[in-house]
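The structure appears right after this line, and notes come after that.
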Amino acid sequence: MASRQLWASRAASYLRISVFNRPFSTVLKDLKYADSHEWVKVDGNSATVGITDHAQDHLGDVVYVELPEIGATVTQGEGFGAVESVKATSDVNSPVSGKVVDVNEELSSSPALVNGSPYTKGWIIKVELSDNGELNNLMDSDQYSKFCEEEDSNH
């Protein structure tokens, strides 16, 4: 394995590309994004929430996800839980307001799903929306991609 990585590293160096650092994160078109790096997928009056690929990439390996209680009220822009990684602990803010109707219990035993599948298996909560108009405060995929590029260039 090490010899394969060394070969890949040499080939990448020759081609002037990086094999270790990801130059960009995945951003899905049908989602809305908060500037605190949470995503939301809306289906009628229901919303699924998680952290973005960009966020999980910066956090590193996730080792613990703090989940809210079902029935809890969340407010747009305010914290409802946390994600702990080998690098840091980060609050998770809700991109929408409403009532938590489901939590991803699988994250309790497999928090790394946030890293491996941030937009599908790594979702964190499902919310019954209280104000669909709040979606207008969020970014679409193009705006979020540009936001991440600008944010990364400032660091």
Side-chain angles (χ1 to χ4, degrees), residues 5 17-155:
Q5 265 189 329
I17 60 173
S18 171
V19 291
F20 301 110
N21 294 327
R22 292 172 45 184
F24 59 89
S25 299
T26 303
V27 177
L28 301 183
K29 292 268 183 214
D30 61 339
L31 306 179
K32 291 287 207 168
Y33 299 88
D35 61 7
S36 51
H37 302 288
E38 292 84 18
W39 59 265
V40 60
K41 181 175 184 171
V42 178
D43 183 17
N45 201 37
S46 177
T48 303
V49 174
I51 67 168
T52 66
D53 187 35
H54 182 83
Q56 72 77 24
D57 190 42
H58 280 38
L59 279 169
D61 294 337
V62 173
V63 295
Y64 177 74
V65 180
E66 178 187 324
L67 300 169
E69 296 288 322
I70 292 176
T73 300
V74 293
T75 304
Q76 186 178 54
E78 293 186 12
F80 67 80
V83 174
E84 186 177 322
S85 74
V86 294
K87 291 183 184 177
T89 298
S90 181
D91 290 336
V92 181
N93 297 324
S94 184
V96 293
S97 298
K99 184 173 85 173
V100 177
V101 293
D102 198 6
V103 297
N104 189 349
E105 296 287 354
E106 213 174 327
L107 296 178
S108 297
S109 59
S110 302
L113 288 172
V114 170
N115 296 114
S117 184
Y119 298 117
T120 52
K121 294 179 183 173
W123 64 273
I124 299 175
I125 62 171
K126 293 191 180 189
V127 177
E128 182 182 298
L129 296 172
S130 61
D131 182 1
N132 284 33
E134 287 181 336
L135 297 171
N136 296 327
N137 301 333
L138 302 173
M139 293 177 267
D140 65 22
S141 59
D142 292 334
Q143 292 168 321
Y144 182 68
S145 292
K146 185 175 181 184
F147 174 79
C148 291
E149 287 172 20
E150 289 171 359
E151 188 178 71
D152 285 350
S153 70
N154 292 332
H155 288 112

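The shown structure was predicted, so the numbers you read here are calculated from the model rather than taken from an experiment. Only heavy atoms go into these numbers, but all of them, side chains included; no hydrogens, no water, no symmetry mates.
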Got a donor-acceptor contact below 3.5 angstrom from the [X] side chain to the [Y] backbone?
X	Y	answer
Thr26	Asp53	no
Trp39	Ile51	yes
Ser117	Leu113	no
Glu38	Asn93	yes
Asn104	Gly122	no
Ser110	Ala112	no
Ser94	Ser97	no
Gln56	Pro118	no
Gln76	Pro95	yes

Atom of [X], atom of [Y] and distance for their closest heavy-atom approach:
X	Y	result
Ile70	Val101	CG2-O, 3.9 Å
Pro68	Val103	O-CG1, 3.4 Å
Tyr119	Leu31	CD2-CD1, 3.5 Å
Asn115	Gly60	ND2-O, 2.9 Å
Glu84	Thr89	CG-OG1, 3.4 Å
Leu129	Gly44	CD1-O, 4.2 Å

task: Apply side-chain contact (heavy atoms from CB on, under 4.5 Å) to Val27 and Thr52, showing your working.
output: CA-CA 8 Å; Val27 177; Thr52 66; over 6 Å; no
Look up atom [atom1] in [X] and atom [atom2] in [Y], then write down how far apart they are to the nearest 0.5 Å.
X	Y	atom1	atom2	result
Glu66	Ser90	CD	OG	11.5 Å
Ser85	His58	OG	NE2	12.0 Å
Tyr64	Ser108	OH	OG	7.5 Å

- prompt: Once the angle between the rings of Tyr33 and Tyr144 is folded into 0 to 90°, is it parallel (under 30°), tilted (30 to 60°) or perpendicular (over 60°)?
  reply: parallel
task: Would you indicate whether Asp30, at its atom CG, is surrounded by more than 12 heavy atoms from other residues, nucleotides or ligands within a distance under 6.0 Å?
output: yes
- prompt: Taking side chain as C-beta onward, heavy atoms only, is Phe80 less than 4.5 Å from Val100?
  reply: no
- prompt: With a 4.5 Å limit on heavy-atom distance, are the side chains of Met139 and Asp35 in contact?
  reply: yes
Residue pair Glu151, His37: steps toward the side-chain hydrogen bond (donor to acceptor under 3.5 Å, both in side chains) verdict: CA-CA 11 Å; Glu151 188 178 71; His37 302 288; 2.7 Å; yes
field: Derivation and outcome, side-chain contact (heavy atoms from CB on, under 4.5 Å), residues Leu59 and Lys87
entry: CA-CA 6 Å; Leu59 279 169; Lys87 291 183 184 177; 6.0 Å; no
- prompt: Got a salt bridge between Lys29 and Asp140, using NZ or NE/NH1/NH2 to carboxylate O under 4.0 Å?
  reply: no
